[in-house]
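Just so it is clear, the model here is predicted, and its values are computed rather than measured. The analysis underlying the following values was restricted to heavy atoms, covering all of them including side chains, and did not include hydrogens, waters or symmetry mates.
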Amino acid sequence: HITWLCVTLIAVLLFLYCNEMWNQLDGLTGLLSQKSYINRTMNLRAEDKMLIVLDVDDFKQINDTYGHSTGDQVLQEIARRLQECIRSNDYAFRIGGDEFALIICSAYDKAFCCHMAERIQIALTEPIKLAGKTLRVGVSCGCAAFPEDSSEAEKVRAIADQRMYEEKEKHHREDPMHS
């Protein structure tokens, strides 16, 4: 009886562990989830140096024009491209419908931040080919450095968000369709 009790206990613990791991992932994209993002930013580590937030420009238009299934495929392709842009020690999250965040773990400087943001923009603005359609997707991003004091994480997110919204506004001004 003790053997079966131990086996049952191990099975329950394994189930709880696997369930918690699945809750850390976004079901559509396979990236880390918003819950993981919140946990990570609440418990920053010394290696967390930079936050990049991204938002797909006019994503509603993609869903309205091509359908939600195509919109889901676009999000999956964006997630795949984000994974290709970052290193194995960095983190990619889907934090909302068409919103993503990256936590970059490396020595921070402004040039590196600009380089990462540019690299991501280039990767994400390459046309997406889906079932005979070629879609061009615009992405706005903003980045900010995490200070040594981890209590400032919310302030860093606000700065990155503000920079992303400024870029989004700039894209709208440059696009004659929005004038």
Donor-acceptor pair, [X] side chain versus [Y] backbone, under 3.5 Å?
X      : Y      : result
Gln121 : Val139 : yes
Arg81  : Ala123 : yes
Arg94  : Gly96  : yes
Arg163 : Ile52  : no
Asp58  : Gln61  : no
Thr41  : Ile38  : yes
Ser33  : Gln24  : yes

Rounded at 0.5 Å granularity, tell me how far [atom1] in [X] sits from [atom2] in [Y].
X      : Y      : atom1 : atom2 : result
Arg80  : Ile78  : CZ    : CD1   : 11.0 Å
Thr70  : Glu77  : OG1   : CD    : 13.0 Å
Ile2   : Leu9   : CD1   : CG    : 12.5 Å
Ser36  : Ile95  : OG    : CD1   : 12.0 Å
Leu135 : Lys129 : CG    : NZ    : 10.5 Å
Arg136 : Leu124 : CZ    : CG    : 13.5 Å

If hydrophobic clusters are built by linking Ile, Leu, Val, Met, Phe, Trp and Tyr wherever their side-chain heavy atoms come under 4.5 Å apart, do [X] and [Y] end up in the same one?
X     : Y      : value
Leu82 : Leu28  : yes
Leu13 : Ile10  : no
Met42 : Val156 : yes
Leu51 : Tyr165 : yes
Leu5  : Leu14  : no

**side-chain contact (heavy atoms from CB on, under 4.5 Å) partners for Ser140, two or more places apart** =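 Scan of Ser140 (side-chain contact (heavy atoms from CB on, under 4.5 Å), adjacent residues dropped) gives Asp57, Met164, Glu167, Lys168, His171.
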
**Request:** Taking side chain to side chain donor-acceptor pair (under 3.5 Å) as the test, write out the residues that go with Asp64, two or more places apart.
**Result:**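 Asp64 satisfies side chain to side chain donor-acceptor pair (under 3.5 Å) with Lys60 only.
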
**Item:** Name of the residue among Ile86, Ile104, Leu32, Leu31 meeting side-chain contact (heavy atoms from CB on, under 4.5 Å) with Tyr91
**Value:**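 Result for side-chain contact (heavy atoms from CB on, under 4.5 Å) with Tyr91: Leu32.
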
If you look at every heavy atom in [X] and [Y], which pair is closest and at what distance?
X      : Y      : answer
Gly97  : Leu75  : O-CD1, 3.5 Å
Thr134 : Pro127 : CG2-CB, 3.5 Å
Thr29  : Ala79  : CB-CB, 3.6 Å

**Message:** Enumerate the ring-ring contact (aromatic ring centres under 6.0 Å, His included) contacts for residues 32-76, please, sequence neighbours excluded, ordered by first and then second residue.
**Reply:**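 Every ring-ring contact (aromatic ring centres under 6.0 Å, His included) pair that includes a residue of residues 32-76, provided the two are not neighbours, is Tyr37-Phe93.
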
**Asked** Going by heavy atoms in the side chains, are Leu130 and Val74 under 4.5 Å from each other?
**Response**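 With C-beta onward as the side chain, the pair touches.
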
**Message:** Apply side chain to side chain contact (heavy atoms under 4.5 Å, CB included) to residues Asp98 and Ile62 and explain how you reach the verdict.
**Reply:** CA-CA 11 Å; Asp98 63 339; Ile62 293 170; over 6 Å; no

**Asked** Hey, are Lys170 and Glu166 close enough for a salt bridge, meaning a charged N less than 4.0 Å from a carboxylate O?
**Response**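 Here Lys170 does not pair with Glu166 in a salt bridge, since their nearest N and O are not under 4.0 Å apart.
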
